[in-house]
Amino acid sequence: MEAHELHETARAIVADDKGILAADESTGTIKKRFDAIGVESTEENRRYYRQLLFAASGMEDFIGGVILYDETLRQSADDGTPFSEVLASKGVVPGIKVDTGAHDQAGFPGEKVTEGLDGLRRRLEEYRSLGARFAKWRAVITIGDAIPTVACIRANAHALARYAALCQEAGIVPIVEPEVLMDADNTIERCYDVTSRTLKWTFHELHVQNVDFRGTLLKPNMVISGKGCPEQASSDRIAERTLECFLHHVPAAIPGIVFLSGGQSEVEATANLNAINQLGGPWPLSFSYGRALQASALEAWGGDTSNTETAQTVFVHRARMNALAVAGEWNAEMEQPVAA
Ligand code: 13P
């Protein structure tokens, strides 16, 4: 694998204001999403729902890559075409979640370390043969009393870097995702501090492990108030603190920063991304949203095949709003209810 192919793949995913659809919910997580709309999480329902998203006409104008889960990468559309081919034929790059989850970190109560390095080289080879051209590994950093510790941040940064090196060896672009959770009651300044320390160690480890920055995408949290914080920072403040933090820690060689939504509402995630792009930086600043791209589409579908087209319209609308935010051209008046 030539390095320039990795660079091209990374750039293509975020070209033309496009972003990423994170549709890589594990079997446990998708069950939670289906439970909320009263749909049974069978393999066929999961396949049908993912097909609804991937087949939506026009999604390819706003979505440059889709992250799949192991089961989904092995599934096919109604006509037997594997999902990776359905996506590739629309010019959308197929990706795969490869970590095996965040587990309690021994000796550090309340903190997690992400696992999945054992056997990863072999799994990446298979995923590439199944059509995956990029991958994702999510590290989870929790804010609380006296946490995160440097031990947690460093263990996760090290694993992210070893994963990224293995991906590049296999001809797969790694998405490096060190997620600082927004579930606590911390201020935006505390988020700034924890995100700074996390990014500092992550890029240190990527550098030590010889990871090629130009063939790597970063998927971070925004610098934002914790959900339980009584004082919620405005979009402008979020944009200013996020850019300040990233300009300190993220090399300009990174071909794209794709934010996660992390529990923001759909419109919040779009408004904040728009504010971030109104300031701008040396990298494309885009999205890799799960919940913030799917919540209303999932609800519109509700498990009923007769709602498929409506749900697709709702999904493409959300994707378009986020691509407009990448251009810094979104405004709240564009959020008209979508006709059925
Ligand atoms: P959310 O946008 O729902 O946070 O999901 C993105 C993701 O892939 C987290 O790993």
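First listed ligand is number 1; within each ligand, the first listed atom is number 1.
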**OP:** Could you tell me whether Ser261 approaches ligand 1 through its side chain, its backbone, both or neither, with non-hydrogen atoms closer than 4.0 Å?
**Re:** both
Subject >> Sub-3.5 Å N/O-N/O distance, Ile67 and ligand 1 >> reply: no
Original post:
Just distances here: any N/O of Tyr289 and N/O of ligand 1 closer than 3.5 Å?
Top reply: no
Original post:
Going by heavy atoms, is Lys97 under 4.0 Å from ligand 1?
Top reply: no
**OP:** If you have a sec, work out which protein heavy atom is nearest atom 5 (O) of ligand 1 and how many Å separate them, to one decimal?
**Re:** Gly290 N, 3.5 Å
**OP:** For Glu231, look at atom CD and say whether over 12 heavy atoms of other residues, nucleotides or ligands are found less than 6.0 Å away.
**Re:** no
Original post:
For atom 7 (C) of ligand 1, which candidate among Glu25, Gln264, Arg33, Lys219 holds the nearest heavy atom?
Top reply: Lys219
Original post:
Should we count CG of Asp118 as having more than 12 external heavy atoms under 6.0 Å?
Top reply: no
Original post:
Counting only heavy atoms not in His248, do more than 12 sit closer than 6.0 Å to its NE2 atom?
Top reply: no
Subject >> 4.0 Å heavy-atom contact, Gln294 with ligand 1 >> reply: no
Solution key, residues 266-279 side-chain donor-acceptor pairs under 3.5 Å, sequence neighbours excluded:
{"residue": "Glu266", "atom": "OE1", "partner": "Ser296", "partner atom": "OG", "Å": "2.8"}
{"residue": "Glu266", "atom": "OE2", "partner": "Ala295", "partner atom": "N", "Å": "3.2"}
{"residue": "Glu266", "atom": "OE2", "partner": "Ser296", "partner atom": "N", "Å": "2.8"}
{"residue": "Glu266", "atom": "OE2", "partner": "Ser296", "partner atom": "OG", "Å": "3.0"}
{"residue": "Glu268", "atom": "OE1", "partner": "Ser265", "partner atom": "N", "Å": "3.0"}
{"residue": "Thr270", "atom": "OG1", "partner": "Glu266", "partner atom": "O", "Å": "3.0"}
{"residue": "Thr270", "atom": "OG1", "partner": "Arg318", "partner atom": "NH2", "Å": "2.8"}
{"residue": "Thr270", "atom": "OG1", "partner": "Asn322", "partner atom": "OD1", "Å": "2.8"}
{"residue": "Asn272", "atom": "OD1", "partner": "Ser235", "partner atom": "OG", "Å": "2.6"}
{"residue": "Asn272", "atom": "ND2", "partner": "Gln264", "partner atom": "OE1", "Å": "2.8"}
{"residue": "Asn272", "atom": "ND2", "partner": "Glu268", "partner atom": "O", "Å": "3.3"}
{"residue": "Asn274", "atom": "OD1", "partner": "Glu329", "partner atom": "N", "Å": "3.2"}
{"residue": "Asn274", "atom": "OD1", "partner": "Trp330", "partner atom": "N", "Å": "3.0"}
{"residue": "Asn274", "atom": "ND2", "partner": "Trp330", "partner atom": "O", "Å": "3.2"}
{"residue": "Asn277", "atom": "ND2", "partner": "Leu273", "partner atom": "O", "Å": "3.1"}
{"residue": "Asn277", "atom": "ND2", "partner": "Leu285", "partner atom": "O", "Å": "2.9"}
{"residue": "Asn277", "atom": "ND2", "partner": "Ala325", "partner atom": "O", "Å": "3.3"}
{"residue": "Gln278", "atom": "NE2", "partner": "Gly328", "partner atom": "O", "Å": "3.4"}

Original post:
Only one of Arg291, Lys32, Lys97, Arg50 forms a salt bridge (charged side-chain N to carboxylate O under 4.0 Å, His left out) with Glu25, so which one is it?
Top reply: Arg50
**OP:** Report the part of Ser288 (side chain from C-beta onward, or backbone N, CA, C, O) that has a heavy atom under 4.0 Å from ligand 1; answer both or neither where that applies.
**Re:** backbone
Subject >> Whether Ala292 lies under 4.0 Å from ligand 1, heavy atom >> reply: no
Subject >> atom 9 (C) of ligand 1: the protein heavy-atom neighbour that sits closest, reported with distance to 0.1 Å >> reply: Glu177 OE2, 3.2 Å
Original post:
Which word best sums up how the rings of Tyr49 and Phe34 line up, parallel for under 30°, tilted for 30 to 60°, or perpendicular for over 60°?
Top reply: perpendicular
**OP:** Quick one: do Phe259 and Phe246 satisfy ring-ring contact (aromatic ring centres under 6.0 Å, His included)? Show the steps, please.
**Re:** CA-CA 12 Å; Phe259 292 99; Phe246 285 50; 5.8 Å; yes
Could you tabulate the donor-acceptor pairs under 3.5 Å formed by side-chain atoms of residues 201-210, not counting sequence neighbours?
{"residue": "Thr202", "atom": "OG1", "partner": "Thr198", "partner atom": "O", "Å": "2.7"}
{"residue": "Glu205", "atom": "OE1", "partner": "His158", "partner atom": "ND1", "Å": "3.4"}

**OP:** Just need the protein heavy atom nearest to atom 10 (O) of ligand 1, so name the residue and atom and give the distance.
**Re:** Lys136 NZ, 2.5 Å
Subject >> Thr310 versus Thr313, side-chain donor and acceptor atoms under 3.5 Å >> reply: no
Subject >> Side chain, backbone, both or neither: Arg138 near ligand 1, heavy atoms under 4.0 Å >> reply: side chain
Subject >> Shortest protein heavy-atom distance from atom 4 (O) of ligand 1, along with the residue and atom involved >> reply: Gly262 N, 2.7 Å
